[in-house]
Amino acid sequence: MSLGLKPHMNTITVNMIGMKKFTCKEMGGPCEEVHEGATAMEIAKQNFAHVMAATDKAHEQMREQMTKPGRGPSKEEWWAWFNKEWDKKNDEA
């Protein structure tokens with residue numbers, strides 16, 4: 001039985017409902033790098049990796065806040081803030 005699909009037409013459909021986008025700047029950083037995900041944790045992990053990989057002076061303060069106690073909000077304080085921001089943000093898809 002043929003479904004009439006051509007090999008070059010194979011695609012993967014991803015459910016984009018609930019996807020949100022945040023820039024590094026919206027998360028307290030200095031740049032416009034965009035992070036996109038379906039959960040706050042997904043976006044937070046992307047931002048953490050981005051900030052840790054950045055070697056410029058602009059991201060230095062944020063790196064220190066993320067890695068050195070007492071240099072910024074605690075993890076709990078940051079998560080409370082970011083979850084409020086997550087809830088306010090409209091779905092991007």
Side-chain angles (χ1 to χ4, degrees):
M1 173 188 223
S2 173
L3 296 177
L5 297 176
K6 296 178 182 175
H8 68 279
M9 294 179 66
N10 291 340
T11 59
I12 297 173
T13 303
V14 177
N15 183 358
M16 299 296 284
I17 296 172
M19 297 291 281
K20 296 184 183 186
K21 294 178 184 176
F22 281 83
T23 63
C24 176
K25 188 174 279 187
E26 288 176 306
M27 297 176 76
C31 78
E32 297 297 329
E33 176 86 17
V34 176
H35 309 297
E36 183 175 355
T39 66
M41 178 63 78
E42 202 176 330
I43 290 177
K45 285 180 179 181
Q46 290 174 32
N47 189 57
F48 182 82
H50 162 71
V51 171
M52 292 301 126
T55 58
D56 62 326
K57 277 289 218 187
H59 287 83
E60 186 174 353
Q61 180 181 0
M62 193 169 187
R63 269 193 307 279
E64 287 186 7
Q65 288 178 357
M66 291 176 155
T67 59
K68 295 180 181 174
R71 296 285 176 122
S74 69
K75 287 180 185 179
E76 293 80 14
E77 291 169 329
W78 187 87
W79 270 111
W81 168 80
F82 187 58
N83 281 314
K84 287 178 189 173
E85 296 301 305
W86 174 267
D87 290 342
K88 287 191 281 187
K89 182 79 112 164
N90 292 327
D91 292 350
E92 300 288 332

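None of the values given here were measured: they were computed from a predicted structure.
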For this session: Indicate, with yes or no, if W78 and W86 share a hydrophobic cluster defined by side-chain heavy-atom contacts under 4.5 Å among Ile, Leu, Val, Met, Phe, Trp and Tyr.
Result: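 Yes, because W86 and W78 connect within a single hydrophobic cluster, where side-chain heavy atoms sit under 4.5 Å apart.
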
Exercise. In the single-linkage hydrophobic clustering (I, L, V, M, F, W, Y; side-chain heavy atoms under 4.5 Å), do M41 and M27 co-cluster?
Worked result: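 Yes; M27 is reachable from M41 via cluster members.
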
Donor-acceptor pair, side chain of [X] and main chain of [Y], under 3.5 angstrom:
{"X": "Q65", "Y": "P73", "answer": "no"}
{"X": "K21", "Y": "V34", "answer": "no"}
{"X": "N47", "Y": "I43", "answer": "no"}

For this session: Just grab all the ring pair (Phe, Tyr, Trp, His ring centres under 6.0 Å) pairs involving residues 19-38, residues at least two apart or on different chains.
Result: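 Every ring pair (Phe, Tyr, Trp, His ring centres under 6.0 Å) pair that includes a residue of residues 19-38, provided the two are not neighbours, is F22-F82, H35-H50.
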
Problem set entry | Where at least one partner belongs to residues 22-32, residue pairs that pass salt bridge (Lys or Arg N to Asp or Glu O under 4.0 Å), sequence neighbours excluded |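 Found K25-E32, E26-K89.
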
For this session: Provide the full list of salt bridge (Lys or Arg N to Asp or Glu O under 4.0 Å) pairs with a residue in residues 50-65, sequence neighbours left out, each pair given once.
Result: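 Pairs touching residues 50-65 that pass the test: K57-E60, E64-R71.
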
Please report the interatomic distance [atom1]([X]) to [atom2]([Y]), rounded to the nearest 0.5 Å.
{"X": "T39", "Y": "K20", "atom1": "OG1", "atom2": "NZ", "value": "10.5 Å"}
{"X": "E33", "Y": "Q46", "atom1": "CD", "atom2": "CD", "value": "9.0 Å"}
{"X": "M62", "Y": "C24", "atom1": "CE", "atom2": "SG", "value": "5.0 Å"}

Problem set entry | E42: partners by salt bridge (Lys or Arg N to Asp or Glu O under 4.0 Å), with sequence neighbours left out |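 Partners of E42 under the salt bridge (Lys or Arg N to Asp or Glu O under 4.0 Å) test: none.
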
Exercise. Taking only residues two or more places apart in sequence or in another chain, which ones pass side-chain hydrogen bond (donor to acceptor under 3.5 Å, both in side chains) with K88?
Worked result: E85

Problem set entry | By side chain to side chain contact (heavy atoms under 4.5 Å, CB included) - contacts of S74 (at least two apart) | E76, E77

